[in-house]
Amino acid sequence: MIRESSKSILVEELKAQAKSLGFSRVGIAAVSPSTHIDFYQSWIDAGMQGEMRYLAREESVKRRGDVEQTLPGARSVIVVTHDYLTEDLGCSPDDPTMAIVARYARGDDYHDIIKSKLLGLLKWLSQRVPERVEGRAYVDTGPILERDLAQRAGLGWFGKNTMLINPTTGSFFFLGLLLIDLELSADSPFLEDRCGTCRSCLDACPTGALLGRDAKGAPVMDARRCISYLTIELRSAIPVEFRSAIGNRIYGCDICQEVCPWNERFAEATGAPAYRASQDLDGPSLIDLAEILLSTDELGFRKTFKKSAIRRAKRSGLLRNICIALGNWGAPAAVTTLLRALSDMEPLVRGHAAWALGQIGSSSARSALSEKLTSEEDAWVRTEISAAIEAQDSSSL
Ligand code: B12
Ligand code: SF4
Ligand code: SF4
């Protein structure tokens with residue numbers, strides 16, 4: 001049993017240790033069932049998680065509601081933030097020839113970086129106190145309501161963009177959690193809503209994914225409409241209604257964070273050097289990136305991006321997204337690459353290449369589509385080719 005005064009000294013030392021490991025902020029939440037699990041369940045019941053089935057499994061919802069289901073005997077949750085904003089790249093969303101990768105995914109994979117730091121913190125704690133400390137580290141990897149616990153640990157509020165926002169630094173940070181069976185003095189929850197009357201994120205979201213706050217004040221997102229979901233989590237075809245709105249965002253989306261006044265005012269490039277953009281993701285041209293991916297298979301893709309979170313989209317998903325961006329660029333200079341994509345081994349890539357060629361509307365694109373229609377065996381790809389030809393015919397009327 002640790003006395004109150006020794007407990008607060010321990011917490012101070014723990015926070016200093018976490019900061020020396022590179023975490024920008026640290027908070028402690030007491031263990032108790034979440035008061036937001038009913039909202040979570042209704043969000044699932046409305047189907048807003050789309051194809052992210054892992055969010056809906058009954059057992060995992062139960063675990064989300066109460067961290068003791070994950071670590072029996074858990075007494076505290078140490079919540080840390082790790083900033084990821086680094087110097088901006090030369091590429092811009094206004095240059096349609098360039099690929100935009102969400103800021104969080106330009107450097108090394110955050111899961112590995114944060115998890116090993118959290119385990120370092122657990123080791124430090126185990127050596128610091130006489131009793132044996134049982135702990136589990138999570139970074140976006142388990143059935144835990146991470147933002148819920150971060151808000152309870154006093155680290156920020158839920159913005160209308162659904163992000164956890166800190167009043168001194170904004171929202172460009174990851175969350176990491178350490179569940180432990182040691183009772184520490186908890187921080188006070190962050191109870192204010194500092195969004196006020198602002199609605200910049202709601203107005204800026206290109207796909208209408210942000211639905212505002214519900215009657216109880218919970219921010220609601222229909223993830224099925226979010227570009228981050230469409231370009232990363234969705235494994236199948238991207239619904240036609242969202243393709244133009246994706247623009248040149250080939251992996252994830254930062255728009256609702258970039259327009260947030262709390263980021264405009266406070267966000268600084270303080271991210272760890274490991275989060276700096278890797279060579280391949282440093283403002284890549286759409287054509288260059290497409291050619292790299294078209295020349296390799298899934299195994300080669302995994303090797304090329306072995307240190308990057310971008311692996312999650314898989315080769316076919318990333319190429320699907322690049323085809324959409326090339327179609328949105330709409331220039332004849334993209335035709336040669338798209339013709340290669342039209343013969344790719346993956347139907348998902350061929351179908352989106354067809355859509356993109358339909359957006360370009362040059363005579364070479366038109367004849368390649370007609371020719372491909374006679375040999376394509378996949379029924380869905382044939383539908384995409386026919387729709388692309390139709391789109392070209394109606395735009396040339
Ligand atoms: C699934 C998921 C997604 C999905 C769905 C996102 C969403 N908004 O739900 C998709 C793929 C779209 C996504 C996108 C992104 N994600 Co994500 N994602 C997750 C994940 C794995 C689960 C989130 C979840 O459970 N969503 C379901 C909703 C219902 O839960 P919630 O967001 O926690 O909502 C809570 C509030 O509504 C609250 N609530 C309920 N009632 C009430 C009432 C009141 C009054 C209030 C105030 C609140 C409240 O309770 C809910 C449950 O906790 C978490 C990691 C984790 N395990 O938590 C990362 C996480 C949320 N993602 C993260 C990041 C970085 C991103 C992106 C920025 C990546 C990118 N650039 O593309 C985008 C941001 C998009 C956005 N605006 O949210 C970070 C966010 C860090 C932060 N500062 O908030 C997390 C925490 C991962 C991490 N460990 O760092 N993500
Ligand atoms: S990440 Fe992009 S698409 Fe998703 S809610 Fe934010 S602005 Fe909308
Ligand atoms: S843009 Fe405005 S409404 Fe949206 S999260 Fe930021 S402060 Fe809140």
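Just so it is clear, the structure is predicted and the values come from calculations on it, not from any experiment. Whatever order the structure lists them in is the order used to number ligands and atoms, beginning at 1.
The closest heavy-atom contact to atom 8 (N) of ligand 1, among the options V61, I114, T162, comes from T162. Nearest to atom 73 (C) of ligand 1 by heavy atom, out of G156, G50, S228, is S228. For atom 21 (C) of ligand 1, the candidate residues are L177, V80, D140; the nearest heavy-atom contact is made by D140. Of the options E258, M163, R225, R64, the smallest heavy-atom separation from atom 82 (C) of ligand 1 is shown by M163. Closest heavy-atom approach to atom 52 (C) of ligand 1 among the candidates L145, L191, V79, I232: L145. If you check each of Y138, Y84, F173, Y110 against atom 81 (C) of ligand 1, the one with the closest non-hydrogen atom is F173.
Distances shorter than 4.0 angstrom do not occur between any heavy atom of L202 and any atom of ligand 3.
At a heavy-atom cutoff of 4.0 Å, ligand 1 is contacted by the side chain of F158 but not by its backbone.
The residues D181 and R132 are annotated as not salt-bridged, no charged nitrogen and carboxylate oxygen being separated by less than 4.0 angstrom.
Ligand-side atoms of ligand 3 in range of N161: 5 (S), range being under 4.0 angstrom from any heavy atom. Atoms of ligand 3 lying under 4.0 Å from at least one heavy atom of C260, given by number and element, are 1 (S), 6 (Fe), 7 (S).
Residue-environment remark: CD (E371) stays at or below the threshold of 12 foreign heavy atoms within 6.0 Å.
Closest to atom 8 (Fe) of ligand 2 among all protein heavy atoms lies C205 SG, 2.3 Å.
The distance from atom 4 (Fe) of ligand 3 to the nearest N/O/S atom of C201 is under 2.8 Å.
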